[in-house]
Number of protein chains: 2
Amino acid sequence: MPPRIRQTAAEADAVLVSQDVLSRLKGDILDGHFAPGARLRFADLQKSYSAGIGTLREALSHLLPEGLVELDANRGFRVAAISAAELRDVSALHIEFERRAIVESVRHGEDAWEAGLVLAFHRLAKIERLSREERKQRSSEWVAAHRDFHRALVAACPSRWLLRLRAQLYDHMERYRLISQRHRPLGPAKRAEHEAIRDAAVARKAELAGELLAAHLRETTETVLRHAPQFMPAPP
Amino acid sequence: MPPRIRQTAAEADAVLVSQDVLSRLKGDILDGHFAPGARLRFADLQKSYSAGIGTLREALSHLLPEGLVELDANRGFRVAAISAAELRDVSALHIEFERRAIVESVRHGEDAWEAGLVLAFHRLAKIERLSREERKQRSSEWVAAHRDFHRALVAACPSRWLLRLRAQLYDHMERYRLISQRHRPLGPAKRAEHEAIRDAAVARKAELAGELLAAHLRETTETVLRHAPQFMPAPP
DNA sequence: GAAGCAACTATCTTCGAAAATCCAACCTGT
DNA sequence: ACAGGTTGGATTTTCGAAGATAGTTGCTTC
């Protein structure tokens with residue numbers, strides 16, 4: 001397990017220490033820094049994140065209902081396990097929610113949404129144009145830009161709850177994706193697919209955008225599943 | 001606001017204080033003891049739940065991603081607001097999830113599931129047979145039995161994530177239901193509807209069970225919406 | 001009177017010490 | 001050898017004191 005821990009964001013929009021710790025901890029779980037099933041000891045976390053025990057418990061309690069960590073009484077917190085079966089379960093729901101959300105988003109989106117989408121795509125494309133080497137070094141930027149792009153696609157969906165659930169599932173899918181990529185070369189750039197989805201959305205072809213997005217996600221899941229051996233539980 | 005606070009459950013399966021506080025706090029929010037939008041001051045909570053500040057923060061942090069409380073930095077926690085618009089949003093998704101979950105549950109349920117369902121219905125019916133007076137006094141038992149019955153219906157659904165999301169939405173729907181009933185007579189007993197759903201499930205008529213359950217929930221939501229005036233935000 | 005400022009109060013946020021719990025290693029008697 | 005019990009160290013859980021922040025009141029100045 002690499003010793004590097006997510007640092008406090010320079011932008012630091014998190015006014016509360018607990019929220020800063022929360023987002024760093026979540027990022028470190030999603031990108032596989034903490035392996036699935038790994039115990040999260042307070043002594044370690046305290047050093048890594050320079051936060052008190054109470055603050056750490058607060059962040060971990062937040063991650064509990066999100067399903068990213070688990071708690072057994074008096075034995076502390078563990079990173080949630082992963083499995084091929086759960087990936088299939090999460091993915092199926094996730095794809096469906098994304099499709100529904102983008103369809104509604106395209107139908108309801110106004111100018112501001114369209115502008116936000118074009119901007120988000122631009123930022124993502126800019127990073128993807130960098131050299132392979134540089135992309136590797138700034139991979140967390142790519143992750144953020146990719147996330148922002150997918151969020152921009154569905155941002156105009158009027159159902160706050162659909163967006164909320166979509167976000168939960170997106171997190172879990174991202175974890176599977178990042179873990180599966182952890183020890184192998186970066187997957188092929190998906191820029192063409194992203195571009196096609198953006199075009200369909202801007203052209204207000206809701207159903208088409210939904211279909212393209214669903215296909216994009218289906219393929220990603222299949223790629224991850226093809227590298228599924230590493231999903232077997234980690235040693236205690 | 002009534003001064004009565006949920007007491008530690010006699011069964012007390014919660015080994016951790018934080019989990020006990022969590023479930024009591026959640027119950028008190030769901031049944032409207034804490035009004036939507038109300039601030040949750042630590043000094044009060046500390047007295048009411050006889051727990052330390054850290055423990056209370058831990059419980060509230062857990063309720064944050066569930067959407068039952070909100071946090072603004074350095075101003076503390078508030079009970080999440082409610083609105084007719086959100087009720088419609090939550091209800092539409094909830095009904096859909098319930099339907100899908102029960103269809104899958106009926107298709108996959110084995111003997112143990114069937115037995116559990118029959119038992120849960122029996123317990124619910126038993127409480128509903130009590131006199132109006134006694135039902136009122138033991139209303140929290142009815143709430144628990146009702147929740148258990150609905151959970152038993154979908155328990156055999158193989159998608160853990162569908163069940164998870166269903167549970168989240170059930171909580172929110174229950175809050176709307178209990179708040180709307182708070183200051184008016186108990187709604188008409190739904191025993192006949194529950195019985196019909198149970199029968200369809202036991203008879204393995206999956207689609208029928210789904211349709212009956214959806215109709216049951218739709219009607220409940222409509223009843224709540226008809227009494228919507230009280231959903232306007234509470235005074236600060 | 002309005003705006004700016006300062007002191008004061010109420011409340012939240014953070015932290016680590018102390019109590020409780022678990023687990024592994026070590027006895028002890030059969 | 002082994003079941004059962006005991007001790008000690010590692011770890012979690014709980015708690016409230018101390019620091020930080022927001023909101024309020026009252027004073028001063030223009």
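Below, chains carry the letters A, B, ... as their sequence lines are ordered, and counting in each starts from 1.
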| task | Output, in order, the C-alpha distance, side-chain angles, deciding distance and verdict of ring pair (Phe, Tyr, Trp, His ring centres under 6.0 Å) for A:His194 and A:Phe149. | result | CA-CA 9 Å; A:His194 289 145; A:Phe149 172 69; 5.2 Å; yes
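Heavy atoms of A:Glu58 sit nowhere under 4.0 angstrom from any nucleic acid atom. Residue A:Leu40 is classed as a sugar-phosphate contact, given heavy-atom separations below 4.0 Å to backbone atoms only.
Candidate nucleotides C:dG16, D:dC15, C:dC15 were compared by shortest atom distance to the side chain of A:Val17, and C:dC15 ranks first. Side-chain atoms of A:Asn74 lie closest to D:dT13 of the nucleotides D:dT14, D:dT11, D:dT13. The side chain of B:Phe77 sits closest to C:dT13 out of C:dT14, D:dC15, C:dT13. Candidate nucleotides C:dT14, D:dT11, D:dT13 were compared by shortest atom distance to the side chain of A:Thr55, and C:dT14 ranks first. Closest to the side chain of B:Leu71, out of D:dT14, C:dT13, C:dC12, is C:dT13.
Atom P of nucleotide C:dC22 and atom CZ of A:Phe42 are separated by 16 Å, given to the nearest angstrom. One atom, CZ of B:Arg78, and another, C1' of C:dT11, lie 15 Å apart when rounded to the nearest Å. Atom-to-atom, CZ of A:Arg57 to C1' of D:dT12 comes out at 7 Å; the value is rounded to the nearest Å. The distance between atom CG of A:Leu60 and atom C1' of D:dT12, rounded to the nearest whole Å, is 12 Å. Taking atom CD of residue A:Gln46 and atom C1' of nucleotide C:dA17, one finds them 11 Å apart after rounding to whole Å. Nucleotide D:dT14 holds its C1' atom 10 Å from the CD1 atom of A:Ile53, rounded to whole Å. Per the geometry, CG belonging to A:Leu16 stands 19 Å off P belonging to D:dG19, to the nearest Å. Separating the CD atom of A:Gln19 from the P atom of C:dC12 is a distance of 15 Å, rounded to the nearest angstrom.
Look at A:Ser18 and you won't find any side-chain N or O under 4.0 angstrom from OP1 or OP2 of C:dT13. When the side-chain nitrogen and oxygen atoms of A:Arg75 are compared with OP1 and OP2 of D:dT13, none of them lie within a distance under 4.0 Å.
For the pair B:Leu16/B:Asp20, no side-chain contact is recorded, criterion being any heavy-atom separation below 4.5 Å from C-beta on. Residues A:Glu66 and A:Leu63 meet the side-chain proximity criterion, which asks for heavy atoms closer than 4.5 Å.
Checking B:Ala73 against A:Ala73, the closest nucleotide of DNA chain C that is more toward the 5' end is the one next to B:Ala73.
The two residues B:Ala59 and B:Leu25 make their nearest non-hydrogen contact at CB-CD2, 4.2 Å.
For B:His172 and A:Trp161, the ring centers sit closer than 6.0 Å to each other.
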